[in-house]
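Values below: every heavy atom of this structure, side chains too, minus hydrogens, waters and symmetry copies. Here the structure is a predicted model, which means the values were calculated and not measured.
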Amino acid sequence: MVGPGSARLVARGLAVRHASRLAWALTGVDLVVEPGERVLVTGASGAGKSTLFAAVAGLLDPEAAEVFGELTVDGEPPRAARDRLGLLMQDPDSQLVMTRAGDDVAFGLENAGLPPAEIWPRVDAALADVGWRYSRERATQALSGGEKQRLVLAGALARRPGLLLLDEPTAQLDPAGSDVVRDAVSRAVAARGTTLLVVDHDAAPWLPLVDRVVEVRDGGLAEHPPGWRPLPRAAGLVLPPAPAWTSPVHPPPSGITDAGEPGPPPVDPAGRRRDPALVAAGAGFTYRGTTTPALAPTDLALHPGQVTAVTGPNGTGKSTLALLLAGLRAPTTGSVLASADLAVRGERRPHRWRAGAVVTRIGTVFQQPEHQFLTGRLRDELELGPLRSGTGSATARARAEELLERLGLAPFADANPYTLSGGQQRRLSVATALATAPRVLVLDEPTFGQDAATWRELVTLLAEQRAAGCAVCTVTHDRDLVDVLADEEVAL
């Protein structure tokens, strides 16, 4: 169906180069999307999909990017057509502008000059469409990453745009939430005949909802034939096995007594005792000024040579638990204790350790990778942790070069981390966690934004860490990751 407000997109010979780069982010893009058409955009991580969306949305600053070729929305430059666009970017934090959820959804409508009597019914309808489980008054700073994605999508849908641009709209959502979002998009597009462009590395669930699939490649776009389906990401994946002494741990976690203290550790087949590297005993967290816990009291033990996957719906406290395990927050209830051989001068509470002690013991990946970058070059970012922990410069450089090569980041070694795509930033954040060879890894959504090839390389790297005896904890909605790598799954 073509709606009265459906937009038409035309790109001819579109090319984009960011000011800080010699290489082109996009070249030779030819694309015509007719009013009411629904197109899925695929491509390798870093191929330029987000750059394409930013160009279509009129968000490329002329001082920060060179743009060549033709690009129009309904015959106008994208900047002139912004009132007909709805956009969800990879990083929802960059689009949140208000402190309360309802106000954030209403912001675009108020800017468009709609009367209040029309604004709030639209806000409530959009929130309901995306499965919002809070009131309008919910503080945006209290939301999980997936909840922020839903909120920004509600803001885009509330505007009833003629062209809807969705960049990885389900990447941080649990499976049920992903289904809700796809259903909401499908209903909105069908009801108003909205033109849709969506990027998602999890392409298969979108195929019944789109008319065609295009792939961003070097030198332009390629259209996939009707009936195309992506290959499974894990196809052909061969991983180093877990250490022979590792066995799955089932709740209640081995190594925790009823009193909440570390108890007898598991024993390997040779009779050696394997102390858990980290133990959370009734660990919970409540933000100051609130009464509802961000994380209910939780028991968890991380064992050397084992991968523990923490799963569960958005908003259950998975990222908060990761921060407690990493020593970046102190629990407000219960405790997180390291093993005696990880302790720093007898101190077993990681949140009491100095930064230099933490980086050699616990490597961390945040849910938002850009929150942990500290330097202006990828190479410097990877050398920083090892150098601060006392590693020699030659060794630090060699480790950095190895990680850059394996994760497909070597061409960007001298680039600023903030100029990378979302998937590239995620790989860099994982690399920084690995660079100091820590004995524990706590990773929040480590496979976010990856194509099949980079996903396999990340999973292989993590399996290598497990085989070397590292205790790995991954917070994830990635069922493929859980299935191929996790020795234990803990659902919050």
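Between Trp132 and Tyr134, the ring planes lie perpendicular to each other; the angle is over 60°, past the 30° to 60° tilted range.
In this structure, CG on Asp83 lies 7.0 Å from CZ on Arg159, to the nearest 0.5 angstrom.
There is a side-chain donor-acceptor pair under 3.5 Å between Glu381 and Thr375. Using modelled atom types, one finds no donor on one side chain facing an acceptor on the other under 3.5 Å when comparing Trp455 with Asp480. For the residue pair Gln306 / Arg466, no side-chain donor-acceptor distance below 3.5 Å is found, with atom types taken as modelled. Judged purely by distance below 3.5 Å, without hydrogens or angles, the side chains of Asp451 and Ser45 never pair a donor atom with an acceptor atom.
A donor-acceptor pair is defined here as one N or O able to donate and one able to accept, closer than 3.5 Å; no such pair exists between the side chain of Arg182 and the backbone of Trp206. Side-chain N or O atoms of Thr332 include one that pairs as donor or acceptor with a backbone N or O of Thr286 at under 3.5 Å. Side-chain atoms of Glu445 never come within 3.5 Å of backbone atoms of Thr476 as a donor-acceptor pair (strictly under, hydrogens ignored). Asn314 places no side-chain N or O within donor-acceptor distance of the main-chain N or O of Glu147, the cut-off being under 3.5 Å. Between the side chain of Thr51 and the backbone N or O of Ala25, no donor-acceptor pair lies under 3.5 Å.
Salt bridge status for Asp211 with Arg38: present, with a side-chain N to carboxylate O gap under 4.0 Å. Between Arg426 and Asp444 there is no salt bridge, since no side-chain nitrogen of the basic residue lies less than 4.0 Å from a carboxylate oxygen of the acidic one. With respect to Lys148 and Asp93, a salt bridge is recorded, a charged nitrogen being found less than 4.0 Å from a carboxylate O. A salt bridge does not link Arg82 with Glu76: every distance from a Lys NZ or Arg NE/NH1/NH2 to an Asp or Glu carboxylate oxygen is 4.0 Å or more.
The shortest heavy-atom contact between Ala309 and Ala486 is CB-CB, 3.8 Å. Listed here is the closest heavy atom pair of Leu420 and Leu428: CD1-CD2, 4.1 Å.
By the salt bridge (Lys or Arg N to Asp or Glu O under 4.0 Å) test, Asp103 is found to be paired with Arg100, residues two or more places apart in sequence or in another chain being considered.
Judged by a 6.0 Å distance limit and a 45° cone about the ring axis, Arg361 is positioned over the six-membered ring of Trp353.
Between Arg233 and the choices Asp478, Leu481, Asp202, Thr454, the side-chain contact (heavy atoms from CB on, under 4.5 Å) rule is met once, by Asp478.
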